[in-house]
Asks: 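Attaching a single structure in structure tokens format; questions to follow.
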Protein chains: 2
Amino acid sequence: MKAATPVVSIDIVLLTILDGVLHVGLTKREREPFAGQLALPGGRFDIEKDSDEYDAAVRILREKTGVTSPYLEQLQTFAGANRDPRGWTVSIAHFAIVHAKVADTADARFTWRPVESVRTLPFDHARILQAAVTRVRTKSLYSSLPVHLMPEMFTLGQLQAAYEVLVGSPLDKRSFRRRMDELELLVEVPGAVTTGSGHRPAQQYRVKDGALGHLAVSDSNLGRKAA
Amino acid sequence: MKAATPVVSIDIVLLTILDGVLHVGLTKREREPFAGQLALPGGRFDIEKDSDEYDAAVRILREKTGVTSPYLEQLQTFAGANRDPRGWTVSIAHFAIVHAKVADTADARFTWRPVESVRTLPFDHARILQAAVTRVRTKSLYSSLPVHLMPEMFTLGQLQAAYEVLVGSPLDKRSFRRRMDELELLVEVPGAVTTGSGHRPAQQYRVKDGALGHLAVSDSNLGRKAA
DNA sequence: CTAATAGTGTCTCTTAGACACTATAAA
DNA sequence: TTTATAGTGTCTAAGAGACACTATTAG
């Protein structure tokens with residue numbers, strides 16, 4: 001343990017919504033410490049392959065989970081002597097968001113767990129998860145981040161449901177639609193309408209070309225109902 | 001160059017306001033590469049002394065600059081193959097804010113430069129500086145971050161001037177004062193009044209006990225005048 | 001008296017939140 | 001006909017921005 005420089009790794013908090021509940025993707029650890037336990041997917045830099053930390057995060061996410069996320073962002077770096085029993089370590093934490101369809105394609109090694117049901121995790125992964133969830137909830141209040149939870153086509157009702165899961169409270173339907181309209185982020189898919197649902201069909205939307213990648217931001221409170 | 005794990009360091013963007021202009025603190029590099037050039041102060045972890053990355057940043061800031069900042073925050077981690085000619089490196093960037101009086105106490109090795117006049121810096125330090133300035137400006141719009149640029153006692157006029165430097169545009173005096181009032185962050189210092197200034201004296205204020213350390217946040221736009 | 005900053009209220013406009021009914025399809 | 005969701009307009013209240021004058025001190 002006399003390495004002059006600590007070991008650096010990347011850990012990824014992968015989030016999605018399944019059955020209306022926020023889930024986090026976990027992998028079973030193959031090695032000690034904590035072998036066999038569920039933990040955040042992570043890995044080391046490959047200084048041959050990775051040109052920067054974003055590259056590395058994309059590669060690690062793909063290799064460990066089979067998922068390619070359209071939304072991947074650096075969260076925060078956690079470093080210290082007490083987070084890993086092997087000694088001083090550094091973790092550059094990221095978070096990623098995928099929609100349920102992509103979530104289904106994840107590896108078998110991979111498990112989705114409702115965020116609320118995850119009590120303990122190895123290392124300081126519970127703290128990292130906590131930080132990621134807080135960040136996602138906060139960003140959902142003032143940005144279009146939740147559209148990344150949507151498949152290519154979706155209805156406004158589905159999108160509102162995603163916002164509600166992330167924000168954690170019900171939103172006013174008309175205020176929500178007004179806001180989405182003002183963001184000018186979505187376009188109707190002509191003729192595409194949900195069907196076979198036993199009620200009035202809904203117009204489907206997709207994200208405007210080029211509008212994804214940078215988040216649309218607004219000052220609004222999304223028509224969140226008061227407590 | 002075959003280290004399996006990259007070298008990790010901490011770099012710090014230290015900011016203050018001197019003569020009404022935002023300045024960054026730079027140190028002359030003693031070693032290659034870029035020996036003799038001005039760069040952001042930085043250093044390596046000391047896994048004996050530092051218990052986490054915040055600890056390390058505090059220590060490095062103190063050792064390299066002689067400054068102890070009441071405000072120090074992790075900014076972002078920059079990693080990659082092309083940021084340092086020696087190979088793959090990782091820098092956990094932080095930013096710190098001090099008021100002008102503290103700035104004066106900095107080491108002789110240490111130089112303050114107007115942010116706008118800094119064109120090039122070694123490594124990717126120009127990019128790190130850019131990111132820090134952007135973060136500080138953004139946070140100034142909706143939080144009380146600029147009070148950390150103030151000495152213990154200060155007038156509302158001085159505080160407004162600091163906000164204006166960070167935000168980059170003039171603020172409406174009455175809207176600004178109303179906002180400060182609503183934040184309930186400041187208290188008058190009884191009897192303390194500026195004097196000898198050739199004009200009406202001003203009430204001095206200090207930050208309320210315990211109110212520092214977490215930023216007061218508001219949704220307002222600070223009475224910023226429209227462009 | 002002049003110069004320079006401190007300090008103080010009100011109006012208006014924008015924006016967010018609250019609210020209820022009709023429309024449409026499947027069973 | 002029932003059930004379930006889609007879709008649509010307006011009012012109101014709160015908050016932010018804009019605005020002009022008096023007060024006080026040093027020189």
Side-chain angles (χ1 to χ4, degrees), chain A residues 20 140-144 150 153-164 167-184 186-206 216-227, chain B residues 20 140-144 150 153-165 167-184 186-205 216-227:
Chain A
S140 296
L141 286 175
Y142 64 88
S143 82
S144 61
M150 294 290 107
M153 287 199 302
F154 50 90
T155 69
L156 290 177
Q158 291 163 352
L159 181 59
Q160 182 175 342
Y163 267 88
E164 287 173 338
V167 173
S169 56
L171 305 179
D172 181 84
K173 181 161 61 164
R174 277 180 280 194
S175 299
F176 178 79
R177 283 166 186 242
R178 176 178 56 200
R179 174 117 335 257
M180 287 300 126
D181 195 45
E182 287 166 356
L183 284 180
E184 297 184 337
L186 308 179
V187 288
E188 300 183 3
V189 180
V193 167
T194 55
T195 184
S197 52
H199 54 74
R200 178 172 173 177
Q203 175 64 51
Q204 302 215 71
Y205 290 80
R206 62 176 180 76
V217 170
S218 105
D219 288 334
S220 99
N221 208 9
L222 293 165
R224 183 168 38 155
K225 293 205 165 132
Chain B
S140 297
L141 286 175
Y142 64 87
S143 82
S144 61
M150 294 289 108
M153 286 197 303
F154 52 90
T155 69
L156 290 176
Q158 292 163 351
L159 181 59
Q160 182 176 343
Y163 267 89
E164 287 173 338
V165 168
V167 173
S169 57
L171 306 179
D172 181 82
K173 182 160 62 163
R174 277 180 279 196
S175 298
F176 178 78
R177 285 168 185 240
R178 177 178 56 201
R179 175 121 331 261
M180 286 301 126
D181 195 46
E182 287 166 354
L183 284 180
E184 298 185 336
L186 308 178
V187 288
E188 300 183 4
V189 180
V193 167
T194 55
T195 183
S197 53
H199 53 74
R200 177 171 175 178
Q203 175 64 51
Q204 302 214 73
Y205 290 80
V217 170
S218 103
D219 287 334
S220 100
N221 208 8
L222 292 165
R224 181 168 40 155
K225 294 204 163 133

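In what follows, every chain begins at residue 1, and chains take the letters A, B, ... in the order their sequences are listed.
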Asks: What's the CG-P distance between A:Asp172 and C:dA20, to the nearest Å?
Replies: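 Answer to the nearest Å: 11 Å.
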Asks: Between atom NE2 in A:His199 and atom C1' in D:dA4, what is the gap in whole Å?
Replies: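 From A:His199 NE2 to D:dA4 C1': 6 Å.
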Asks: Quick one: does B:Gln160's side chain have a donor or acceptor within less than 3.5 Å of a partner on B:Leu171's backbone?
Replies: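 Yes, the answer is positive, given that a donor and an acceptor are paired below the 3.5 Å cut-off.
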Asks: Need to verify one output field. Residue with the more 5' nearest nucleotide on DNA chain D, A:Thr194 or A:Arg178?
Replies: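 It is A:Thr194 whose nearest nucleotide is closer to the 5' end.
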Asks: Atom CG of B:Leu141 to atom P of D:dA16: distance rounded to whole Å?
Replies: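 Rounding to the nearest Å, CG of B:Leu141 and P of D:dA16 are 13 Å apart.
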Asks: Starting from C1' on D:dG15, measure out to CE on B:Met180 and report it in whole angstrom.
Replies: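 That distance rounds to 16 Å.
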Asks: Would B:Phe176 and B:Tyr163 count as a ring-ring contact (aromatic ring centres under 6.0 Å, His included) here? Give the steps.
Replies: CA-CA 10 Å; B:Phe176 178 78; B:Tyr163 267 89; 5.2 Å; yes
Asks: How long is the line joining CZ of A:Phe176 and P of C:dC19, in whole Å?
Replies: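 Whole-Å distance recorded here is 19 Å.
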Asks: I need the CD-C1' distance between A:Glu164 and D:dT5, as an integer number of Å.
Replies: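 Going from A:Glu164 (CD) to D:dT5 (C1'), I get 13 Å.
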Asks: For the side chain of A:Ser175, starting at C-beta, report the closest nucleotide among D:dT25, C:dG17, C:dG9.
Replies: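 When the side chain of A:Ser175 is considered, C:dG17 is the closest of D:dT25, C:dG17, C:dG9.
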Asks: Looking only at atom types and distance, does a side-chain atom of A:Thr155 sit under 3.5 Å from a main-chain N or O of A:Ala202, one as donor and one as acceptor?
Replies: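 The answer is no, because no donor-acceptor pair under 3.5 Å joins these two groups.
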Asks: Would you kindly give the CZ-to-P distance between B:Arg177 and D:dG17, to the nearest whole Å?
Replies: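 In whole Å, D:dG17 P lies 17 Å from B:Arg177 CZ.
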Asks: Using heavy atoms to find the nearest nucleotide of DNA chain D for B:Gly198 and A:Gly198 separately, return the residue whose nucleotide is more 5′.
Replies: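 Comparing both residues, the 5'-ward one is A:Gly198.
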Asks: Classify the side chain of A:Arg200 versus the base of C:dA25 as yes if they form a donor-acceptor pair under 3.5 Å and no if they do not.
Replies: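 Flag unset: no donor-acceptor pair detected.
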Asks: Identify which nucleotide among C:dA6, C:dT24, D:dT25 has an atom closest to any side-chain atom of B:Pro201, counting heavy atoms from C-beta outward.
Replies: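 Within the option list, the nearest is D:dT25.
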Asks: Strictly distance-based, threshold 3.5 Å: is any side-chain N or O of B:Gln204 a donor or acceptor partner for the main-chain N or O of B:Glu188?
Replies: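 Such a contact is absent between B:Gln204 side chain and B:Glu188 backbone.
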Asks: When you check the phosphate oxygens OP1 and OP2 of C:dG17, does a side-chain N or O of A:Arg174 lie under 4.0 Å from one of them?
Replies: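 Checking A:Arg174 against C:dG17: no side-chain N or O falls below 4.0 Å of OP1 or OP2.
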Asks: Report yes if a side-chain nitrogen or oxygen of B:Arg179 is closer than 4.0 Å to either non-bridging phosphate oxygen (OP1 or OP2) of D:dA16; otherwise report no.
Replies: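 Answer is yes, contact under 4.0 Å.
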Asks: Specify the separation, in whole Å, of atom CD of A:Gln203 and atom C1' of C:dA25.
Replies: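 Value for this atom pair: 15 Å.
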Asks: Checking the side chain of A:Gln203 only, and the main-chain atoms of A:Val189 only, is there a donor and an acceptor separated by less than 3.5 Å?
Replies: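 Side chain of A:Gln203 to backbone of A:Val189, a donor-acceptor pair under 3.5 Å: yes, one is there.
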Asks: Nearest heavy atom decides the nucleotide; on that basis, is B:Thr155 or A:Glu182 closer to the 5' end of DNA chain C?
Replies: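 First, find each residue's nearest nucleotide; the 5'-ward one identifies B:Thr155.
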